[in-house]
Amino acid sequence: MNCVRCGGTLLISGYCSQCGLQESFVNKCIRTSNYYYNRGLDKAQVRDLSGAIVDLKKALRYNKKNTQARNLLGLCYHEMGEVVSALSEWVVSQHFQPEHNDADDYIKSIQNNPTRLDEVNGTIRKYNQTLVYLKQGDYDLALIQLKRVLGMSPNFVNGHLLLALLFLKEDNKEKAKKALRRVLRIDSNNTLALKYYREVAGNPGIGRHVEKVDTTKGTVGPSGSRQGDGQERKIKHHEIAPGSQISIDQYVESSNNKYTFIGIIVGLLLGIAVMYFLFIPQKTDELADSYDTLKQEYNEDLADKNKEISDLKESQSSLQDNVEQLTEDLAKATGESSSGNVFENIINAAKCYIDGDYEGSAEYLVKVTIDDVDSKDAKKLYNQLADTVLPKVASQAYNKGYSEMTSGNYEDALKDLSLAVEYDETNVDALYYLGRTYQHMTKYDKAKEIYQKVISDFPDSRRANQAEENIGVIGQ
């Protein structure tokens with residue numbers, strides 16, 4: 001036999017040949033860890049998240065490799081808005097159990113969502129700025145900043161508690177109660193929230209309700225489940241339904257295992273019957289409706305695409321006619337002049353467009369100064385090409401540049417985002433992320449210049465506010 005702690009060979013005396021610990025001692029630690037995990041699971045299922053965190057930390061103190069407890073601890077942190085703490089626990093869990101670990105899915109659900117990562121970073125930065133305002137005595141600014149934090153992370157428990165304190169400072173007890181009730185909906189047994197609520201409401205009766213404890217506990221099964229007590233219970237971070245303010249410290253289970261087993265069998269049979277007669281026909285109807293809806297949407301999209309192709313063909317024919325007319329006009333011109341170069345660039349741009357080379361067409365178009373052209377036909381052709389080609393190429397360059405920036409490929413991102421801005425000066429997102437790229441490359445002077453342009457050219461956009469914040473961060 002091998003030691004369950006380090007994998008070393010067990011001696012006849014019951015001690016490990018490598019770590020030197022007695023097998024019974026290690027097994028007792030594992031059972032104790034499982035006991036506290038089951039307690040934490042029970043509390044998490046009734047939304048006593050703070051109590052669950054205490055028990056899950058105890059479970060990890062006895063067995064740091066208890067990945068089920070560590071995953072559940074991360075879910076509790078995530079539900080309370082502590083995303084960084086949750087990621088820390090899941091990364092450690094992944095280290096101890098690289099394969100078949102639910103922590104992989106939890107981490108990917110956050111890492112694969114750039115918007116979510118931006119919200120997490122923004123929440124941390126704004127919350128820290130709130131604390132700075134509080135230390136400086138700027139309570140109005142702190143309140144405004146804290147409301148922004150809670151707008152980005154509605155389940156941030158510490159943020160709601162701080163908001164309640166700010167309302168109490170303003171002697172606004174009703175708003176403070178509302179903030180505290182929000183905390184108790186997230187974490188039904190939060191000690192600070194209950195304490196503050198008693199002080200505000202003047203009701204000493206609000207508190208905890210503790211049921212009797214049954215010390216018989218089963219062993220722990222897969223992540224978020226209990227085995228050995230005749231039933232299996234799973235928990236995910238999105239399955240914690242809002243509960244009341246009454247919390248239960250222990251799970252009370254029946255001492256009659258025989259009737260419990262019979263009840264489970266009867267429940268399974270009833271569940272199968274209900275699924276067969278109700279759930280399956282309903283799902284069949286839903287799938288049929290979904291199929292009809294998708295078919296209708298497909299036909300509508302197909303009709304739109306066909307119309308778009310027809311319009312493009314007509315536009316291409318019109319452009320071809322204009323190219324031929326301009327070619328004749330150019331042939332009549334004598335000598336080399338700036339106007340001749342303009343005509344040549346417009347014609348080359350049109351040829352590239354007809355050949356399907358939109359990027360080449362855009363390169364020729366940006367060389368043209370249309371004010372130098374007197375020909376109405378040339379201006380008409382240029383405007384048609386610019387309206388068709390430049391926004392499309394700018395959009396492609398922006399999407400490519402944004403992807404390269406998020407991947408850390410800043411040199412290529414800088415090139416593509418610069419092209420997007422050159423081709424479409426109204427693309428505020430491309431201009432903003434161009435500044436972000438310079439900031440990542442520590443070219444702060446250039447980043448500030450871009451951010452100032454965002455603020456001056458697009459003062460009413462949300463990117464202007466973000467640019468001001470980034471200028472503040474660079475200035476620090």
Kindly indicate whether the side chain of Tyr35, heavy atoms from C-beta on, has any atom under 4.5 Å from the side chain of Arg31.
no
Can you see which heavy atom on Pro154 is nearest to which on His160, and at what distance?
O-NE2, 2.7 Å
Pairs meeting criterion side-chain hydrogen bond (donor to acceptor under 3.5 Å, both in side chains) with involvement of residues 408-427, two or more places apart
Asn409-Asp412, Asp424-Thr426
Output every pair passing salt bridge (Lys or Arg N to Asp or Glu O under 4.0 Å) with a member in residues 150-176, not counting sequence neighbours, ordered by first then second residue.
Glu174-Lys177
Asp187 side chain to Ser50 main-chain N or O, any donor-acceptor pair under 3.5 Å?
yes
Phe458, CZ atom: more than 12 neighbouring heavy atoms under 6.0 Å:
yes
Under 3.5 Å donor-acceptor pairs involving side-chain atoms of residues 133-143, not counting sequence neighbours:
none

Does a side-chain heavy-atom distance below 4.5 Å link Met80 with Asn155?
no
What residues form a ring-ring contact (aromatic ring centres under 6.0 Å, His included) with Tyr433, not counting sequence neighbours?
Tyr402
Close side-chain approach of Gln439 and Lys446, heavy atoms under 4.5 Å:
no
Test item: Tyr196 and Leu165 side chains (from C-beta on) under 4.5 Å apart, heavy atoms
yes
Can you confirm whether the side chains of Tyr36 and Arg61 place a donor and an acceptor under 3.5 Å from each other?
no
Look up atom CG in Leu163 and atom CG in Leu168, then write down how far apart they are to the nearest 0.5 Å.
9.5 Å
If you measure only the distance, is there a donor-acceptor pair under 3.5 Å linking the side chains of Asn34 and Gln68?
no
Sequence neighbours excluded - salt bridge (Lys or Arg N to Asp or Glu O under 4.0 Å) pairs with any residue from residues 459-468
Asp429-Arg463
Can you list every pair that meets salt bridge (Lys or Arg N to Asp or Glu O under 4.0 Å) and has a residue in residues 145-168, with sequence neighbours left out?
none
Quick one: do the Arg47 and Asn189 side chains pair a donor with an acceptor below 3.5 Å?
no
Under 3.5 Å, side chain of Ser188 to main-chain N/O of Val46, donor-acceptor pair present?
yes
For Leu73, check side-chain contact (heavy atoms from CB on, under 4.5 Å) against everything at least two apart and list the hits.
Ile53, Leu56, Lys57, Leu60, Tyr77, Glu89
Which residues share a ring-ring contact (aromatic ring centres under 6.0 Å, His included) with Phe167, sequence neighbours left out:
none
Side-chain donor-acceptor distances from residues 390-401 under 3.5 Å, at least two apart:
residue: Asn399; atom: ND2; partner: Ser395; partner atom: O; Å: 3.3

Return yes when atom CG of Asn306 has more than 12 non-hydrogen atoms of other residues, nucleotides or ligands closer than 6.0 Å, and no otherwise.
yes
Would you please say whether a donor-acceptor pair under 3.5 Å links the side chains of Tyr432 and Asn470?
yes
What pairs with Ala467 under side-chain contact (heavy atoms from CB on, under 4.5 Å), at least two apart in sequence or on another chain?
Tyr451, Val454, Ile455
Of all residues at least two apart in sequence or in a different chain, which pass the side-chain contact (heavy atoms from CB on, under 4.5 Å) check with Ala103?
Asn71, Trp90, Ser93, Asn101
Non-neighbouring partners of Asn113 that pass side-chain contact (heavy atoms from CB on, under 4.5 Å), sequence neighbours left out:
Thr115, Arg116
Between Tyr438 and Tyr444, is the ring centre distance below 6.0 Å?
no
